[in-house]
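Encoded as structure tokens, the structure appears first; notes follow it.
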Amino acid sequence: MANGQWYPAEWPDRIRALADGTLTPAVPRRAATVMLLKDTSAGTVVHMLRRRASMAFAGGAYAYPGGGVDPRDDEHHIRWAGPTRAWWAERLGVDETGAQAIVCAAVRETYEEAGVLLAGPAPDSVVGDTTGEEWEADRAALVARDVSFAEFLDRRGLVLRSDLLGAWTRWITPEFEPRRYDTFFFVAALPQGQRTRNASTEADRTVWIRPQEAGDGYDKGELLMMPPTIATLRQLAPYATAADALAAAPARDLTPVLAKARLEDDEIVLSWPGHDEFTKHIPTGGASA
């Protein structure tokens, strides 16, 4: 493998099954992930975590905090700052309840996996240090799904700061994957006074790294990543500050990126529209090129 593209060994067989009609695609579950940024003297860096090698899906790969939408967060009324739910619905291409649940997932997962909370006691504030015992108990309850994020915000009297998020891109897991996600990628800046930590049970390492540096590590085969991760790193690299990236977010195209697989002569061609670097040519014997 010349670079760090994550490529499951079972994909060729599943692609062939999809092509001959013996595989029924799973329905993708909505999810959200956040590219958390901060400015340093060396440039803007992004927070990444490395999935444990024992994970069934993308073990050892670098990714961002993220996870599935909790349906309990779709209709529960919460205190909300920033663009309206209607604005987010139009931006994300979903209905208003779906938009609320997706934004809640983005903020919740950042808190669960990085200990960073994009919420505050007022529409123009953000909580400070979230590392105390009571905060940790609340975070653990969220991870265990004992409470919904909406319930957590209510109990804490917090306002969700949707204005601190920028919708960046949208990727849907290929049809031949058994576990599929319709994932919305967001950008956000690390709030002043907060700090990240490895709060995820799914990660064995976290880093702050310049997007260009992470991309170089991928190109050298040193950092393993899925296509959406390296694609978004390359998109972030030109921005000098976190504010610049956030300012660019509203103009970003959210047309979903979905991998396509086709049979061509004696090989399977796997491609991601608009991202030619990820194209794979797989001989029908099963080896990848």
Side-chain angles (χ1 to χ4, degrees), residues 1-33 35 48 50-51 53-64 66-69 92-94 98 102 105 167-186 202 214-215 217-236 252-289:
M1 180 172 61
N3 57 31
Q5 184 174 345
W6 179 72
Y7 185 81
E10 66 272 15
W11 270 14
D13 288 340
R14 296 189 63 84
I15 291 170
R16 282 189 282 270
L18 181 67
D20 64 25
T22 59
L23 175 67
T24 300
V27 176
R29 177 188 176 192
R30 283 179 179 167
T33 190
M35 299 177 286
M48 304 189 75
R50 183 176 65 187
R51 295 172 59 83
S54 59
M55 297 294 293
F57 182 79
Y62 281 79
Y64 313 111
V69 164
L92 301 178
V94 299
I102 291 166
W168 191 261
T169 191
R170 180 181 181 182
W171 288 63
I172 299 178
T173 308
E175 292 181 327
F176 43 82
E177 259 294 307
R179 297 174 59 186
R180 301 185 65 210
Y181 295 94
D182 180 357
T183 304
F184 294 81
F185 287 71
F186 295 85
E202 299 179 354
Y218 168 89
D219 290 336
K220 296 174 184 176
E222 297 170 354
L223 300 182
L224 187 67
M225 298 180 201
M226 293 176 280
T229 309
I230 180 59
T232 48
L233 284 169
R234 298 207 197 285
Q235 292 160 359
L236 286 172
R252 295 276 310 167
D253 182 8
L254 294 188
T255 301
V257 179
L258 173 64
K260 302 291 185 181
R262 68 182 188 276
L263 292 172
E264 189 173 288
D265 298 327
D266 295 327
E267 64 183 10
I268 297 167
V269 180
L270 175 61
S271 62
W272 280 259
H275 300 272
D276 292 343
E277 72 166 296
F278 305 128
T279 299
K280 286 283 186 181
H281 295 264
I282 308 164
T284 53
S288 63

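All residue numbers in this chain count up from 1 along the given sequence.
- Using a distance-only test at 3.5 Å, with no hydrogens or angles considered, a donor-acceptor pair links the side chain of R252 to the main chain of W168.
- The CE atom of M35 sits 4.5 Å away from atom CG of L236, with the distance rounded to the nearest 0.5 Å.
- Checked by atom type and distance alone, the side chain of T173 pairs as donor or acceptor with a backbone atom of Y181 at under 3.5 Å.
- We find the CG-CG distance between L92 and D182 to be 10.0 Å, quoted to the nearest 0.5 Å.
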Report all side-chain donor-acceptor pairs from residues 23-32 shorter than 3.5 Å, counting only partners two or more places apart or in another chain.
from: R29; atom 1: NH2; to: V69; atom 2: O; distance (Å): 3.2

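- One distance of note links CD of E267 with CZ of R262; it measures 8.5 Å at 0.5 Å rounding.
- Under the ring-ring contact (aromatic ring centres under 6.0 Å, His included) criterion, F176 pairs with W11, not counting sequence neighbours.
- Under the 30°/60° scheme for interplanar angles, the aromatic rings of H275 and W171 are found to be tilted.
- Rounding to the nearest 0.5 Å places CD1 of I268 at 12.0 Å from NE2 of H281.
- Between F185 and R170, every side-chain heavy-atom pair lies at or beyond the 4.5 Å cut-off.
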For the pair L258 and R180, evaluate side chain to side chain contact (heavy atoms under 4.5 Å, CB included) and give the outcome as yes or no after the intermediate values. CA-CA 11 Å; L258 173 64; R180 301 185 65 210; 3.8 Å; yes

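- Within the model, atoms CZ of F184 and OG1 of T169 stand 10.5 Å from one another, a figure rounded to the nearest 0.5 Å.
- Side-chain atoms of T229 and Y218 form no donor-acceptor pair, as typed in the model, at a separation below 3.5 Å.
- Of all heavy-atom pairs spanning P273 and K260, the tightest one is CG-CG, 4.0 Å.
- Distance alone, capped at 3.5 Å, is enough to place a donor-acceptor pair between the T22 side chain and the A17 backbone.
- With Y62 as reference, L223 is the one residue of I230, L233, L223 to meet the side-chain contact (heavy atoms from CB on, under 4.5 Å) rule.
- Of all heavy-atom pairs spanning T279 and S271, the tightest one is OG1-CB, 3.8 Å.
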